[in-house]
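A, B, ... follow the sequence lines: proteins, then strands. Residue 1 opens every chain.
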2 protein chains.
Amino acid sequence: MRISQLSTESGVPIPTIKYYLREGLLPQGDQTSATRAEYDQSHLHRLRLIRALLEVGRLPVATIRKVIDAVEDERLDVHHMLGTAHHALSTPVEPHPEDEDWQEARELVDRLIADLGWGVHPLAPTRDELTQAVVTLKRLGMPTSQEDLLPYATAALDLVRDLDITKIPFDGPRDVAVETLVICEVLYGKAFDVLRRLAQESESARILGATPCPPEG
Amino acid sequence: MRISQLSTESGVPIPTIKYYLREGLLPQGDQTSATRAEYDQSHLHRLRLIRALLEVGRLPVATIRKVIDAVEDERLDVHHMLGTAHHALSTPVEPHPEDEDWQEARELVDRLIADLGWGVHPLAPTRDELTQAVVTLKRLGMPTSQEDLLPYATAALDLVRDLDITKIPFDGPRDVAVETLVICEVLYGKAFDVLRRLAQESESARILGATPCPPEG
DNA sequence: AACAATTGGATAGTAAAACTATCGAGCATC
DNA sequence: GATGCTCGATAGTTTTACTATCCAATTGTT
């Protein structure tokens, strides 16, 4: 199919598709001549993935690029490919190792992960991300202990082990594996986030003994 | 304290503080003369809250503004104040009620909430948000059923009921209640999100029988 | 073969969000 | 009364994600 058809089928405007091609999010089509290229279902699929990560996951284009690069780097085995994708998904946080609060929080995070027996690399950026949340909670006057975080951690593990992970075809083609992992992480992550807010909405109304609150307007 | 001290204590540059003042995120200081205003601990605290929501929660300034407006609107009782804050926290999604996939997904979401017996307003924007995630999952070839979502929903409810909600002082001053709610929703939400990704990282390494994957570099 | 339409590739422009910088006049303080 | 901080207003910057415009090269269409 040509670019115009790709555009109508996906709902993404042609200039935007060209932009994604430039940015390396979408692979080039099969060039049949100097001014013609042929696209197929894989491009359509990729385009849908890009839009999902952008619109639902609110991932920056640069992050999506990193994930795609990991898939297309043939030197990586499945394990390292997934790892790279994983680390790309964490929002970069610059650590403040000299800060006292930061150090304390980081120790808490490391101890938590160690006590849980989780296999996470000591330098994984995810650790910094969690540290930042813990530091911030403390600064806001809601200090967090390991016991506070533990139930969240075990709940997270339960969900991942029983649901997310079972969906990932580790033995299938590599691109399918990463794609599924990313989708699980981003879209089910989003779904859970919304469900959490729904639950909070419902519980808070229940406690206050009131009827559900309508949106403004 | 003066604006310069507010700046050094919070680490936020003066022009940025002025910007927050202009945008109504930070209340004006106590004006002692035409060119002097006095700020206090409450301003410092608010500033920290703003930065937390911006940096950790990645909330847009406009959203933070909405939450603050809800707190300061004296006509609202605690219930409606929390509700307004709640709805402000959901990323706006424009619904596509004419779309077939959308309709189907929306029915699934409504049925799920009804079956769970959750008290959520029929027009709550949160419903649209979840609908969007469900539609997107379907488009990406991972259709979601009510049974798929149920375990996420019950896990979310457990966390909220046993942890988040217990932290909110419903009978205390109104501003403390919303602030706690927002902090719980945004920061513990973030913490859980990171824990989920950590669990996924760990489980995926375990399944592949590999050692934890180092970050690039 | 003439010719309008489409494409690819390049380049430049735009919109929104979150700052950041500058300026001028008014105090305050030494 | 010189120095320096402050307020308030206004204008400029940076980043991100597009969007628009050109142009020459086709392609299909007559």
Side-chain angles (χ1 to χ4, degrees), chain A residues 1-40 43-44 46-68 88 91-94, chain B residues 1-40 43-44 46-68 88 91-94:
Chain A
M1 79 181 76
R2 298 200 237 355
I3 200 173
S4 53
Q5 199 181 346
L6 196 56
S7 168
T8 47
E9 293 218 13
S10 64
V12 179
I14 292 181
T16 306
I17 296 180
K18 287 184 173 184
Y19 166 65
Y20 294 156
L21 285 166
R22 279 200 301 281
E23 294 296 311
L25 300 191
L26 198 57
Q28 299 293 336
D30 184 28
Q31 194 102 9
T32 60
S33 88
T35 62
R36 205 125 305 196
E38 190 68 16
Y39 303 91
D40 59 23
H43 293 90
L44 193 53
R46 170 67 64 82
L47 211 38
R48 279 199 266 257
L49 179 64
I50 294 169
R51 299 304 284 199
L53 299 184
L54 277 171
E55 291 171 2
V56 182
R58 309 220 158 253
L59 293 190
V61 165
T63 301
I64 303 179
R65 177 78 206 268
K66 276 189 212 158
V67 175
I68 286 168
T91 6
V93 164
E94 84 271 36
Chain B
M1 78 182 77
R2 296 197 216 71
I3 201 173
S4 53
Q5 199 180 348
L6 196 56
S7 168
T8 47
E9 295 220 10
S10 64
V12 178
I14 293 181
T16 306
I17 296 180
K18 288 186 173 184
Y19 165 65
Y20 294 156
L21 285 165
R22 280 201 301 283
E23 293 296 310
L25 299 191
L26 199 58
Q28 299 291 337
D30 185 27
Q31 195 101 10
T32 60
S33 88
T35 63
R36 204 127 306 194
E38 191 68 15
Y39 303 91
D40 60 21
H43 294 90
L44 194 51
R46 170 66 64 83
L47 210 38
R48 280 199 265 257
L49 179 63
I50 293 169
R51 298 304 285 198
L53 298 184
L54 276 172
E55 291 170 1
V56 183
R58 311 220 157 255
L59 293 189
V61 165
T63 301
I64 302 178
R65 176 80 205 268
K66 275 189 210 159
V67 174
I68 286 168
T91 4
V93 163
E94 85 273 36

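Protein chain A touches strand DNA chain C; the 5'-most and 3'-most nucleotides with an atom under 4.0 angstrom of its non-hydrogen atoms are C:dT6 to C:dT11.
A:L25 has its CG atom 14 Å from the P atom of D:dT16, to the nearest Å. Here D:dA17 presents its P atom at 7 Å from CG of A:L54, a figure rounded to the nearest Å. Atom pair A:E55:CD and D:dT16:C1' shows a separation of 15 Å (rounding to whole Å applied). Distance, A:E38 CD to D:dT27 P: 12 Å, rounded to whole Å. Counting to the nearest Å, the P atom of D:dG8 and the CD atom of B:Q28 are 6 Å from each other. Put simply, CD1 on A:I14 is 17 Å from P on D:dC22, counting in whole angstrom units. Nucleotide D:dA17 holds its P atom 14 Å from the CZ atom of A:R65, rounded to whole Å. Here D:dT16 presents its P atom at 11 Å from NZ of A:K66, a figure rounded to the nearest Å.
Contact annotation: the side chain of A:T32 never approaches that of A:R2 to less than 4.5 Å [non-hydrogen atoms, C-beta and beyond]. In this structure, the side chains of B:R46 and B:Y39 stay at 4.5 Å or more apart for every pair of heavy atoms. Side chains of A:Y20 and A:R51 form a contact here, defined as non-hydrogen atoms less than 4.5 Å apart. Taking 4.5 Å as the limit, some side-chain heavy atom of A:I3 sits within range of a side-chain heavy atom of A:K18.
If you check every strand for non-hydrogen atoms under 4.0 Å, A:L21 touches nothing. When heavy atoms are screened at a 4.0 angstrom cut-off, A:R22 is found touching base atoms of the nucleic acid. Looking at heavy-atom distances under 4.0 Å, B:E23 makes no contact with the nucleic acid at all.
With rounding to the nearest 0.5 angstrom, the CD atom of B:E55 is 12.0 Å from the OG1 atom of A:T91. Annotation: the span from A:L53 atom CG to A:L25 atom CG amounts to 9.5 Å, rounded to 0.5 Å. Separation of atoms CD (B:E9) and CZ (B:R48) is listed at 7.5 Å; rounding is to 0.5 Å.
Taking the C1' atoms of five terminal pairs at each end of the helix from C:dA1-D:dT30 to C:dC30-D:dG1, the two resulting helix axes are inclined by 10°, rounded to 10°.
Residue-to-nucleotide proximity on DNA chain C shows that, of B:R2 and B:P60, the 5′-proximal contact is made by B:P60. Judged by closest nucleotide on DNA chain C, A:A34 is the one of A:A34 and B:K18 placed further toward the 5' end.
No donor-acceptor contact under 3.5 Å links the side chain of B:R36 to the base of D:dC7.
Between A:V61 and A:L54, the shortest heavy-atom distance links the atoms CG2-CD2, 4.0 Å. Closest non-hydrogen pair, B:E23 versus B:R65, comes out as O-CD, 2.9 Å. Nearest approach of A:L47 to A:S10, heavy atoms of both residues: CD2-OG, 3.5 Å.
The phosphate of D:dT27 (OP1 or OP2) has a side-chain N or O of A:S33 nearer than 4.0 angstrom.
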